[in-house]
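Working notes, structure below.
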Amino acid sequence: MAKNSEDRFKKIIAHAKEYGFVFQSSELYDGLSAVYDYGQNGVELKNNIKDYWWKSMVQYHENIVGLDSAIFMHPRTWKASGHLDAFNDPMIDNKDSKKRYRADDLIEEHMEKLQGKIDKEVKKARKRFGEDFDEEKFLATNERVVKYKEQIESINNRLVKALEDENLGELKQLIDDLEIVDPVSGTKNWTDVRQFNLMFDTRLGSLSDDSNKVYLRPETAQGIFVNYLNVQKTGRMKIPFGIAQIGKAFRNEIVARQFIFRMREFEQMEMQYFVRPGTEMDWFEYWKNERVKWHRSLGIPDEYYKLYEHENLAHYANAAYDIEFAYPMGFKELEGIHSRTDFDLSAHQEYSGRKVQYYDPETQESYVPYVVETSIGLDRLFLSVLSYAYEEEKLDDGSERIVMKIPPFLAPIKVAVFPLVRKDGLPEKAREIINGLKYDYNCHYEEKDAIGKRYRRHDAIGTPYCITVDHQTLDDNTVTIRERDSMKQDRIPIDNISPIVWERLRENRG
RNA sequence: GCGGGAGUAGCUCAUCUCCGGUAGAGCGACAGCCUUCCAAGCUGUAGGUGGCGGGUUCGAGUCCCGUCUCCCGCUCCA
């Protein structure tokens with residue numbers, strides 16, 4: 001990370017804490033690594049983001065409905081989804097090179113080397129015997145080849161058994177016995193083999209035995225897939241249709257850092273769109289464009305976004321696109337659009353033994369729908385808004401201000417109301433105005449300190465509009481409304497505050 | 001997880017270094033005064049068992065060990 005963006009990132013994190021957006025979890029007890037809490041302003045911003053996403057998906061699309069599934073799910077869900085197998089890796093570090101490897105990979109590479117030796121022997125023999133060479137016979141009888149083959153077999157047996165038993169000590173022993181060296185450092189100075197589990201587990205019920213182990217979901221999508229039939233049938237949904245969900249997910253990341261970008265407990269906003277097989281690429285394109293449009297509607301300039309097409313695909317996908325955002329630490333994934341094929345629904349059909357299909361009246365056939373997923377990290381979106389919004393501004397008079405240029409319709413507090421001075425009945429008038437506005441907008445009243453200071457305080461949390469009650473207000477019932485970014489003021493009648501704020505909030509939504 | 005750096009008031013920091021002797025400032029917050037519009041007027045108040053635990057010592061923020069957390073690099077990442 002470049003020095004100045006590193007500084008900027010630090011300032012944003014400090015600002016987020018100082019102004020009640022994000023606190024480290026359990027800070028009182030020295031904090032909990034990679035877990036964060038949202039403070040009084042953070043929760044408002046986060047709720048506003050959620051609300052906007054939810055409306056964009058569920059309210060603005062008649063064929064998309066919502067869902068709120070539980071975090072606990074039947075353990076077989078994760079067997080079916082592939083998470084149980086795909087994210088259970090035994091890892092080992094070389095103390096000299098500081099490199100980390102998958103222990104089973106190292107052993108497999110060793111076996112491949114042995115296989116390479118066999119191939120070499122075969123090649124040599126073929127050269128020697130020419131036309132008469134009988135490969136099968138050679139493989140079965142050549143002393144050296146047979147020895148290599150036996151070695152491979154015995155290693156493989158030990159490896160498979162060790163993995164099955166989750167015997168980490170045996171894996172380490174195997175690496176020691178084979179005298180495997182680190183390709184980088186060339187040494188055999190290894191740590192113990194340790195198990196890394198992506199998923200958190202816990203016990204359901206008060207008796208602790210292995211049979212009631214359950215996992216905290218590592219993605220919300222599976223809650224949608226296992227409810228596909230329920231929603232499709234009870235909602236009488238016709239393909240194509242979507243199910244949207246906002247919820248917490250949990251991942252025990254090996255390294256979880258970078259503030260709220262990568263957390264152990266995080267929130268996803270996902271929409272799974274069920275389509276007829278063969279049309280998935282069209283819908284993939286469609287949602288790619290829709291999601292880009294949605295991001296543009298936040299009013300953040302295009303250059304903050306970059307599209308990235310995946311070449312290494314996850315176990316469930318046949319196409320994947322990331323929308324990346326220019327965070328202070330560089331372009332990083334904000335949202336993923338994936339064509340998940342029928343991988344998940346088929347897997348659940350197989351593991352549950354139930355028919356997870358759709359009868360298409362048009363084609364008069366049943367099929368397992370294909371799925372196009374849009375999956376965005378709520379916390380990452382929050383961070384993108386926060387890091388875009390943070391600005392240290394030099395004003396014409398030479399002074400500085402820190403202003404959070406949060407898209408106004410997402411701002412934690414929409415309207416702040418101040419009496420110019422704390423006397424002459426101005427505070428009472430200001431209270432009166434707030435009481436009229438608070439049912440429509442999140443408002444804030446302040447009378448402490450000089451007026452300029454109060455403006456700056458609200459700049460720092462991104463409040464788009466400040467209403468000031470002055471002496472003229474008492475004569476003609478007008479107030480000034482000050483706009484955050486331009487710092488310009490208009491004088492408007494009290495009765496017009498609500499419609500004008502409404503109008504401006506709408507305008508600001510791309 | 002490994003390696004390096006750091007942790008003193010809400011924030012920024014001072015004191016720390018070869019020399020151990022009962023923690024200060026600015027900003028901020030709060031209360032009040034003064035002020036007719038963009039942070040810096042006046043008065044007062046609160047706030048720290050120096051991340052936590054242990055050791056050495058008559059005495060530790062200061063020396064030693066452990067631990068937690070954060071930052072940087074490496075590794076991993078649906």
Side-chain angles (χ1 to χ4, degrees), chain A residues 1 3 6-7 9-11 13-15 17-20 23-35 78 81-83 86-87 89 91-102 184 189 191-196 198-199 217-222 249 251-259 261-262 268 270 310 312-317 320 322 329 332-333 336 338 340 373 375 377 395-397 399-403 418-424 426 448-460 466-474 479-480 482 484 487-489 491:
Chain A
M1 214 187 307
K3 190 84 189 109
E6 196 179 298
D7 285 349
F9 195 26
K10 281 187 178 155
K11 280 181 186 168
I13 294 167
H15 189 86
K17 185 194 169 188
E18 193 171 351
Y19 288 91
F23 307 125
Q24 198 194 3
S25 162
S26 317
E27 201 189 305
L28 195 62
Y29 292 102
D30 275 339
L32 191 61
S33 186
V35 184
W78 306 112
S81 70
H83 286 83
F87 302 104
D89 303 330
M91 307 293 280
I92 190 165
D93 293 339
N94 183 276
K95 289 176 188 167
D96 299 312
S97 68
K98 313 288 182 212
K99 297 282 175 195
R100 166 167 301 159
Y101 303 90
R102 279 181 57 168
V184 176
N189 191 9
T191 63
D192 284 338
V193 176
R194 286 160 303 203
Q195 187 75 28
F196 286 85
L198 173 90
M199 291 194 284
R217 63 181 179 201
E219 64 171 17
T220 55
Q222 298 303 327
R251 286 181 200 181
N252 213 349
E253 302 281 357
I254 297 168
V255 170
R257 250 192 260 156
Q258 292 181 309
F259 196 43
F261 184 82
R262 181 171 282 123
Q268 291 183 308
E270 294 196 308
H310 272 266
N312 293 339
L313 295 170
H315 62 275
Y316 53 69
D322 283 351
M329 64 280 190
K332 298 265 181 186
E333 177 182 355
H338 304 126
R340 290 184 79 131
E373 157 188 276
S375 170
L395 300 176
D396 294 340
D397 64 3
S399 66
E400 279 184 34
R401 70 164 181 161
I402 290 177
V403 53
F418 313 138
L420 184 59
V421 292
R422 201 174 5 173
K423 60 178 185 185
D424 305 333
L426 300 187
K448 175 80 181 146
D449 294 317
I451 188 77
K453 204 164 192 170
R454 285 176 267 167
Y455 285 144
R456 297 301 170 85
R457 270 204 289 263
H458 275 276
D459 288 340
C466 292
I467 303 289
T468 298
V469 173
D470 57 18
H471 290 93
Q472 190 183 330
T473 308
L474 302 179
V479 293
T480 59
R482 176 235 192 220
R484 180 192 67 203
M487 298 168 67
K488 293 241 166 61
Q489 287 178 297
R491 184 161 279 276

Complementary nucleotide of B/C70, counting Watson-Crick and G-U pairs under 3.5 Å: B/G5
Nucleotide B/C77, atom P - distance to CE of A/M329 in whole Å: 18 Å
Between P of B/C38 and CD1 of A/I451, the distance in whole Å: 9 Å
Atom pair distance, as rounded to whole Å: CZ in A/R456 and P in B/C11: 23 Å
Expected output: side-chain A/E333 to main-chain A/D322 donor-acceptor under 3.5 Å: no
For atom NZ of A/K17 and atom C1' of B/C71, their distance in whole Å: 15 Å
Who pairs with B/C34 - Watson-Crick or G-U, where each distance is under 3.5 Å: none
Phosphate-side-chain proximity, A/R401 and B/A40, N/O vs OP1/OP2 below 4.0 Å: no
5' priority, RNA chain B, between A/I402 and A/P218 [closest heavy atom]: A/I402
Geometric class of the A/F259/A/F9 ring pair [parallel <30°, tilted 30-60°, perpendicular >60°]: perpendicular
Interatomic distance, A/R454 CZ vs B/C30 P [rounded to whole Å]: 12 Å
Same-atom distance (P) from B/G26 to B/U43, integer angstrom: 12 Å
Candidates B/C71, B/C11, B/C37 - which lies nearest the side chain of A/K10: B/C71
Separation of the P atoms in B/G20 and B/A60, to the nearest angstrom: 13 Å
Euclidean distance for P, B/A6 against B/U15 (whole angstrom): 15 Å
A/L426 CG - B/U35 P separation (whole Å): 13 Å
Residue matched to B/U17 through Watson-Crick or wobble contacts both under 3.5 angstrom: none
Rounded distance (Å) that lies between atom C1' of B/U36 and atom NZ of A/K423: 9 Å
Sugar-phosphate, base or nothing in reach of A/T480, heavy atoms under 4.0 Å: base
Under-4.0 Å side-chain N/O to phosphate OP1/OP2 contact, A/R422 with B/G32: yes
Nearest-neighbour nucleotide for the A/T468 side chain, B/C38, B/C77, B/C37 considered: B/C37
Within-4.5 Å side-chain heavy-atom neighbours: A/T473 and A/T468: no
For B/U22, the Watson-Crick or wobble partner whose two distances fall under 3.5 Å: none
Pairing nucleotide - B/U56, Watson-Crick or G-U, each distance under 3.5 Å: none
Separation between the P atoms of B/U56 and B/G10, rounded to whole Å: 32 Å
A/K453 vs B/G28: side-chain N/O to OP1/OP2 distance below 4.0 Å: yes
Any A/Q24 side-chain N or O less than 4.0 Å from OP1/OP2 of B/C70: yes
Ionic contact status for A/R340 with A/E219, cut-off 4.0 Å: yes
Rounded P spacing from B/C38 to B/C52 in Å: 45 Å
B/A29 pairs with, by Watson-Crick or G-U criteria that keep both distances under 3.5 Å: B/U45
Side-chain touch A/R401/A/Y455, heavy atoms, less than 4.5 angstrom: no
Separation between the P atoms of B/G4 and B/U67, rounded to whole Å: 14 Å
Rounded distance in Å between the P positions of B/G41 and B/G1: 49 Å
Heavy-atom check, side chain of A/I402 versus side chain of A/K11, under 4.5 Å: no
NZ-CD distance between A/K17 and A/Q24, expressed to the nearest 0.5 angstrom: 9.0 Å
Gap in Å between the two C1' atoms, one belonging to B/C72 and one to B/C30, rounded: 38 Å
Opposite nucleotide pairing with B/C77, Watson-Crick or G-U, both atom distances under 3.5 Å: none
First of A/V421 and A/R457 reached from the 5' end of RNA chain B, by closest nucleotide: A/R457
Nucleotide B/C37, atom C1' - distance to NE2 of A/H471 in whole Å: 12 Å
